[in-house]
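FYI, side chains are in, hydrogens and waters are out, and symmetry mates aren't considered; it's all heavy atoms of this structure. The sequence lines fix the lettering, A, B, ..., with proteins before strands; numbering per chain opens at 1.
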Number of protein chains: 2
Amino acid sequence: MAITIKDVAKLANVAPSTVSRVIANNPRISEKTKKCVREAMEQLGYHPNFIARSLASQSTKVIGLVLPPSTGAFFQNPFFAEVMHGLSEGVHEKHYALQMTTGTTEEELFNGVVQMVQGGRVDGIILLYSRINDDILNYLRSRNFPFVMIGKPYEHVAKITHVDNDNFLAAKEATEYLIGLGHENIGFIGGSPNLTVTLDRLHGYKAALQENDISLQEDYIIHSEQFLREGGQKAVSKLFSGTISPTALIVTDDLIALGVVNSLTEMAIDIPSQVSIISFNNALFAEMSRPPLTSININIVELGYQAARSLIQVLENENEPVKRIIIPHQLVVRNSCAVSQKNVFER
Amino acid sequence: MAITIKDVAKLANVAPSTVSRVIANNPRISEKTKKCVREAMEQLGYHPNFIARSLASQSTKVIGLVLPPSTGAFFQNPFFAEVMHGLSEGVHEKHYALQMTTGTTEEELFNGVVQMVQGGRVDGIILLYSRINDDILNYLRSRNFPFVMIGKPYEHVAKITHVDNDNFLAAKEATEYLIGLGHENIGFIGGSPNLTVTLDRLHGYKAALQENDISLQEDYIIHSEQFLREGGQKAVSKLFSGTISPTALIVTDDLIALGVVNSLTEMAIDIPSQVSIISFNNALFAEMSRPPLTSININIVELGYQAARSLIQVLENENEPVKRIIIPHQLVVRNSCAVSQKNVFER
DNA sequence: TTGTACGCGTTATCAG
DNA sequence: CTGATAACGCGTACAA
């Protein structure tokens, strides 16, 4: 059995509670006994038992992570690694640990969260996604359990602390950029329409069209359930089978964009001379693609970092106000967009 | 305060210990009281407290993950996401949770591990790397704490359960493949020489040369500390400044290979006609690179999955024997290797 | 400033 | 088959 607080107490000739107070650096303990106790701890190689501490103090110093339902695909997207990077830095600074649960089905996932929460495994939770009508979100809210989310809540925006980009603006700017290049037939290829990111970007796209008096074509909008390359491929075949094909595309994820590029290349449609593409996330892929993709850097690492920090603030301050943190984005111009060749003739 | 076992006991008119036994599905409890207790649990919405359970049973059902020291870079490499994918599936099947610690310095990392171990936070640990003279490894061994590692231990191979590829063979095959194409001036660009993966692959490379009576050129061997693109770029400038430049390269990581490709392209050295490249890991990059890289698929997801499973076996079976699990690899041929043009003339 | 005693929510041992 | 009771290791009123 490991060294406990009692062993230390015995060696230092004090009561266990005194040792406990020394650990907590309680100011009401004399420096002399503190030193004495610390020496005893050193000598025995004492390390506090986190589990016992958690039970007594009702706090674990662990933060739970909830990955989106389609966990398998999520791991493949560079978003995962980057957000983990930021999260890990954020929690590490404050001496918290990260815990993950995953599940293959929606139900398993939900149960995993319940176990984390009601099982007392974690002090708070970070949702790595935001979607419409999320049971997990509702559950956390109904139990009043501390959590923050990455992405904009679909409902109750003002009541949920979250870290997000201004996806509306980002998509609007992206679209305006294409319009500025003379494009008017602009397609939108997004991820699942249940995700708020997708919706926000779609709205930004629509707003830009409207402000520039370009009529919206519903069949220029495609949603691909998977945030993967396959999604992009399917989207292209739908988009380019119509009568008038778009001359430019907004794609909400680099990975999907990759599929799009693949398909277009196979169809011998040149990028950017025939179709311009602008995508989101600025993953390494974006740079590697042929042609290199113009993409919007949403600073995913920072997204994770801020999420971690703001959750910890919620946990450590009695009534921390609800916050909304917006991480800036940047358009990274590469070679996937060109001036529209035909806008003059077509209308 | 949450519902406890006592509340359930009261409602079901039994002792708390009985409730505990029902949870554990103890066979010595009558079906009748089981049903009664379960109804009470249902009615109250009871969920067992994991922390209390952990304290009493001295087991947390949590597995700790140790990332390599250069954590920042590690997150950027697709290896991270893939291995996490496998790990998460492996632990999820057996109802364990994953916990991560990270640290910016070696010392922080070490302390993180000590906290996990001595703090009783985790039942076992998975090391996501293997290197020479690892303090953490020595610590775990000295405390006799259950752990498995991904990669081959540098020492005590027969005493440490680990999951690995046959990196020696993989590199040997890769080299032989190049030799088969007529190459004799084959360079080796590896990651840190402190990692056993690097060493194993280097040995495989050397063995292949030797068996084919090709003399080893020490200045054809470059180590890049970072598993990143920058590493590849530096390596190239060293390699191609000598008198006789290699006509083929073994690169131990796709990300490094990417840097190599970049640099060679900038130097207007054509791949594969002037230099052939074969790399490891078969990340998405490999396929996307221009030209697409011939790479060795080491099945990273499986590496993680098996690591999780074997650790859990160690945890759940009294004296599970030490195991060594080898995950198969496959050469994925793309377009980065060609028949050597000059081997006939040069010797 | 320090010690005593109890509670945190379970599991496990030992009776009955 | 079930019920007391004692751990598990620590935090914390309360008392001294």
Side-chain angles (χ1 to χ4, degrees), chain A residues 1-38 40-41 44-62 114-123, chain B residues 1-38 40-41 44-62 95 114-123 316:
Chain A
M1 202 101 308
I3 314 296
T4 78
I5 216 173
K6 287 182 190 168
D7 302 319
V8 177
K10 218 166 279 172
L11 183 63
N13 266 321
V14 294
S17 56
T18 305
V19 178
S20 175
R21 284 189 261 255
V22 172
I23 295 171
N25 206 2
N26 188 317
R28 310 187 311 187
I29 296 285
S30 74
E31 279 307 321
K32 205 179 65 186
T33 48
K34 269 188 189 173
K35 181 178 288 182
C36 180
V37 169
R38 285 191 181 123
M41 298 195 330
L44 293 174
Y46 168 78
H47 279 272
N49 182 314
F50 265 90
I51 302 297
R53 175 180 288 184
S54 300
L55 186 58
S57 66
Q58 303 284 53
S59 120
T60 61
K61 293 277 183 185
V62 177
V114 172
Q115 280 208 357
M116 289 208 286
V117 172
Q118 316 228 15
R121 277 175 180 284
V122 300
D123 290 349
Chain B
M1 201 99 313
I3 314 293
T4 78
I5 216 172
K6 288 182 188 169
D7 302 319
V8 178
K10 219 165 280 171
L11 182 64
N13 266 320
V14 294
S17 52
T18 304
V19 178
S20 176
R21 282 189 265 254
V22 172
I23 295 171
N25 206 2
N26 189 317
R28 309 187 310 186
I29 297 284
S30 73
E31 280 306 321
K32 204 179 67 187
T33 47
K34 270 188 189 172
K35 181 179 288 182
C36 179
V37 169
R38 285 191 182 123
M41 298 193 331
L44 294 172
Y46 168 79
H47 279 272
N49 182 313
F50 265 91
I51 302 297
R53 175 179 287 183
S54 299
L55 185 58
S57 67
Q58 304 283 55
S59 122
T60 61
K61 293 279 183 182
V62 177
H95 306 286
V114 171
Q115 281 208 358
M116 287 208 285
V117 172
Q118 317 230 13
R121 276 175 182 282
V122 299
D123 291 349
E316 298 194 338

Find out whether [X] and [Y] are in side-chain contact, i.e. whether some heavy atom of one side chain is under 4.5 Å from a heavy atom of the other.
| X | Y | value |
| --- | --- | --- |
| B:L11 | B:M41 | no |
| A:R38 | A:V22 | yes |
| A:Y46 | A:I5 | yes |
| A:V37 | A:V14 | yes |

Could you tell me the separation between the [atom1] atom of [X] and the [atom2] atom of [N], rounded to a whole number of Å?
| X | N | atom1 | atom2 | result |
| --- | --- | --- | --- | --- |
| A:L55 | D:dC10 | CG | C1' | 8 Å |
| A:I3 | D:dC8 | CD1 | P | 14 Å |
| B:K6 | C:dC6 | NZ | C1' | 11 Å |
| B:I51 | D:dC10 | CD1 | P | 14 Å |
| B:Q118 | D:dG9 | CD | C1' | 15 Å |
| B:R121 | D:dC10 | CZ | C1' | 14 Å |
| A:K10 | C:dT2 | NZ | C1' | 18 Å |
| A:E31 | C:dT1 | CD | C1' | 12 Å |

Please work out if [X] contacts a base, only the sugar-phosphate, or nothing of the nucleic acid, heavy-atom cut-off 4.0 Å.
| X | result |
| --- | --- |
| A:I5 | sugar-phosphate |
| B:S54 | nothing |
| B:Y46 | sugar-phosphate |
| A:V19 | nothing |

- [ ] Taking atom NZ of B:K34 as the centre, report whether more than 12 heavy atoms of other residues, nucleotides or ligands fall under 6.0 Å from it.
- [x]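 Result for NZ/B:K34: enclosed.
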
Task: Side-chain donor or acceptor of B:D123 paired with backbone N/O of B:K61 under 3.5 Å - done: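 Yes.
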
Open item on the list: Quick check against the 3.5 Å criterion: does B:D7 have a side-chain atom that pairs as donor or acceptor with the backbone of B:T4?
Closed with: yes

Open item on the list: If only side-chain N and O atoms count, and only distance matters, is there a donor-acceptor pair under 3.5 Å linking B:S30 with B:T33?
Closed with: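 Yes.
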
Open item on the list: With rounding to the nearest 0.5 angstrom, report the CG to CD distance, B:N49 to A:Q58.
Closed with: 7.0 Å

Open item on the list: Measuring to OP1 and OP2 of C:dT11, would you say a side-chain N or O of B:R53 lies under 4.0 angstrom away?
Closed with: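 B:R53 to C:dT11 OP1/OP2: side-chain N or O found under 4.0 Å.
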
- [ ] For C:dT10, take OP1 and OP2 only and decide whether either is under 4.0 Å from a side-chain N or O of B:Q58.
- [x]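 No, B:Q58 has no side-chain N/O under 4.0 Å of OP1/OP2 on C:dT10.
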
Tabulate atom names and distances for all N/O pairs under 3.5 angstrom spanning the protein and nucleotides 12-16 of chain D.
| residue | atom | partner | partner atom | Å |
| --- | --- | --- | --- | --- |
| D:dA13 | N6 | A:R21 | NH1 | 3.4 |

- [ ] Counting heavy atoms from C-beta on, name the nucleotide in C:dT1, C:dG9, D:dC10 closest to the side chain of A:S30.
- [x] C:dT1

- [ ] Please round to 10 degrees the angle between the axis of the first five pairs and the axis of the last five pairs in the helix from C:dT1-D:dA16 to C:dG16-D:dC1.
- [x] 40°

- [ ] In sequence, state the C-alpha distance, the side-chain angles, and the governing distance for B:V114 and A:H47, and then conclude on side chain to side chain contact (heavy atoms under 4.5 Å, CB included).
- [x] CA-CA 8 Å; B:V114 171; A:H47 279 272; 3.3 Å; yes

